[in-house]
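Working notes, beginning with the structure itself.
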Amino acid sequence: MATTDSAADAVLPEDGAAGTDGIRFDGVVKRFGDNVVLRELDFSVAAGERVTLIGPSGSGKTTILRLLMTLEKVDDGVIWVDGRSLSHMRRGDRLVPADEKYLRRVRSDIGMVFQQFNLFPNMSVLRNVTEAPVHVLGLSKDEAVERARELLELVGLSDKADAHPGALSGGQQQRVAIARALAMRPKILLQDEVTSALDPELVAGVLDVLRDIANETDITMLCVTHEMGFARDVSNRVLMFDQGQIVEEGTPEKIFSEPENQRTQDFLHAVLDQH
Amino acid sequence: MSDVLSSYPLLLRGAWVTIQLTLYGSALALVMAFVFGLIATARSAWLRALGRIYVEFFRGTATLVLMYWFFYALPLVGARFAPMFAAVLALGLNVGAYGAEVVRGAVKAVPKAQYEATVALNMRPGQRLRRVLLPQAIALMLPPFGNLLIELMKGSAVVSLISIADLMLRAQQLRQSTGQTTAVFLVILVMYFVIAQVLQLFVRYLERRADIMLGRRPGRSARSPLDTRLGAAK
C-alpha cells in the first residue's frame with residue numbers, strides 16, 4: 001500500500017477482531033436529530049466482496065457509506081475496517097474518540113464516488129486525478145501523471161486530460177471521479193448512487209467502467225444503486241434496507257428472483273415499474 | 001479654471017499619496033481579512049470568538065475616529081505613529097474587518113460536497129483549504145473585494161484631517177490659493193473617479209482570471225502552471 005502504517009497499528013483495540021480484513025458494523029446507531037437513521041445495525045463485508053445496498057430512499061444506505069468515509073460520526077456502536085475502529089482509537093488503555101491524525105490513517109484505504117461527482121472545478125481533469133496522489137500519497141509528479149493517464153485511459157477519457165471538468169458531460173465527469181478515487185489505490189471503494197444524477201443515455205458508460213473495475217481488481221465494493229441490472233452483474237450479495245435495518249439479504253439471484261420479504265417485493269416492484 | 005489646471009503637479013502629487021494610501025491600506029486590509037476571516041471558520045470556538053471581536057470592533061468604529069486615536073490619543077500614552085502610518089493602520093484595520101466577513105462568507109459558500117471530496121481523498125485540513133476550498137472561495141471574494149477597494153480609496157480622503165497631503169488636502173490648499181472652489185472640486189471629482197475606474201479594471205481582470213480557472217469562460221484550456229510543468233517534464 002501507498003502508506004506505511006506499521007507502528008501505528010499498535011493503536012487498535014484488542015476486541016476489534018484484529019487481523020480480520022473487511023468491514024464490520026457492530027450495533028451501529030446513527031441519528032439526525034430525532035430521526036433514527038440506523039438502528040443497531042450489524043453486518044459485515046469481507047475483503048474483496050461486492051455488496052449492493054438497496055432499499056427505499058431514507059432507509060439509511062447512503063448514511064452507511066458516509067459513515068465509512070468518516071463524513072459522519074456514529075452515535076453508538078463501532079465500525080471496524082480491517083480490524084481498526086473508525087470512530088475510536090486507543091489511548092493508554094482507554095478508548096477515546098478518533099482524532100484527525102488517526103482518521104487520516106484509517107481513511108487511506110477507503111475511496112468514494114459521489115452522486116454529484118464533486119470534481120474540483122479549479123483544476124483540469126488531469127490535476128483532479130494527480131492532486132491527491134502527489135500531495136497526500138507523496139508520489140512524484142511524473143509517477144502521478146503516468147498513473148493518472150493510465151486511469152483516464154481505463155475510463156475512456158485519455159483525450160480529456162487537459163479539459164476543464166465543467167466542459168465534460170455528467171457521465172464523463174463521473175468517470176473522471178472514478179479515476180480520481182482509484183488513483184489513491186483504495187482497498188475499499190464506496191459508490192453512492194453514482195448514476196442517479198446522470199441522463200439515462202450516459203448511465204451505461206459509467207456502469208461499464210465499474211464492471212471492468214469489478215472484473216479486473218479485487219477492490220472491496222459497497223454500492224448504493226437503483227440499477228438492478230448492474231447490481232445483479234457485479235455483486236456477490238445484496239442487502240435490502242428499510243428504516244435503518246436490513247430486512248433481507250442474499251445473492252442477487254435470490255433477492256431479485258425470489259425475494260421472501262414483503263417489503264423487498266414491494267420495493268423491487270416499485271423500482272422495476274419505473275424502468 | 002486655468003489656474004487650477006496649471007497647478008496640476010500639486011494635484012498629481014496629492015493623487016500619488018492617495019494611491020499609496022490605497023495600496024498600503026488595502027495590503028493591510030487583505031492580510032487582516034484573510035487572517036481573521038479564516039479564523040472565523042476555525043473549529044476552535046476561541047479562535048472564532050477572536051475573529052468576531054476583531055470584526056465587530058473595527059467594523060463598528062469610524063475610520064476617522066480610529067485615525068484620531070492612532071494619531072492624537074495613543075501618543076499621549078507613549079505610542080507615537082507617523083501620520084501616514086496612523087492613516088494606513090486606521091484604513092487597513094477598518095476595511096479589513098469588512099473583508100474578513102467577505103472571506104468567511106466565501107469560504108462557507110463553497111459547496112460542502114467539495115469539502116467532502118477532499119476528505120474522501122484524505123487531504124490534510126491545510127491542503128483542503130489551500131488546494132480546493134480557497135481557490136474556489138477567492139473567485140467569490142473578488143466582486144465584494146472590488147467594492148471594498150474602491151471604498152477604501154475614497155474613504156482615504158479623511159487623512160487630510162491629520163495633515164497628510166493627499167488629493168483632498170491638495171485640493172483644499174488650491175482652493176484657498178485660487179479661490180476657485182467649483183473648478184477645484186470638479187477636477188478632483190474626476191481624479192477620484194479615474195482612480196476608482198483603474199482599480200475597477202484591475203479587479204475585473206482578476207475576476208476574468210478566476211473565471212478561466214473555474215472553467216466558466218471558454219477560450220483557454222484549464223492548463224495550470226502545474227500541468228504545464230508536468231507536460232514539460234515528460
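Naming convention: chains lettered A, B, ... in sequence-line order (proteins, then strands); numbering from 1 in each chain.
For the pair V119(B) and T70(A), the minimum side-chain heavy-atom distance is below 4.5 Å. Taking 4.5 Å as the limit, some side-chain heavy atom of V132(B) sits within range of a side-chain heavy atom of M123(A).
Formation of a donor-acceptor pair under 3.5 Å by the N122(B) side chain with backbone atoms of A132(A) is not found in this model. A donor-acceptor pair under 3.5 Å is formed between the side chain of Q127(B) and the backbone N or O of H135(A).
Proximity to chain B (any heavy atom under 4.5 Å) is restricted, for I110(A), to the backbone atoms N, CA, C and O. Only the backbone of L119(A) comes within less than 4.5 Å of a heavy atom of chain B; no side-chain atom from C-beta onward does. There is no contact between R130(B) and chain A, counting heavy-atom distances below 4.5 Å. In this structure, chain B has no heavy atom under 4.5 Å from any part of E146(A).
N122(A) CG to M213(B) CE: the interatomic distance, rounded to the nearest 0.5 Å, is 5.5 Å. Here CE of M123(B) is found 8.0 Å from CE of M184(A). Values are rounded to the nearest 0.5 Å.
For A117(B) against F114(A), the heavy-atom pair with the smallest separation is CA-CE1, 3.9 Å. For F120(A) against Q114(B), the heavy-atom pair with the smallest separation is CD2-OE1, 3.1 Å.
Ranked by heavy-atom pairs shorter than 4.5 Å toward chain B, the options M112(A), R180(A), R104(A) are led by R104(A).
Counted within 6.0 Å of CG on D99(A), heavy atoms from surrounding residues, nucleotides or ligands total more than 12; the atom is thus considered enclosed. Within a 6.0 Å radius of CD in E56(B), other residues, nucleotides and ligands contribute more than 12 heavy atoms. Summarising the local packing, OH of Y24(B) is surrounded by 12 or fewer heavy atoms from other residues, nucleotides or ligands at distances under 6.0 Å.
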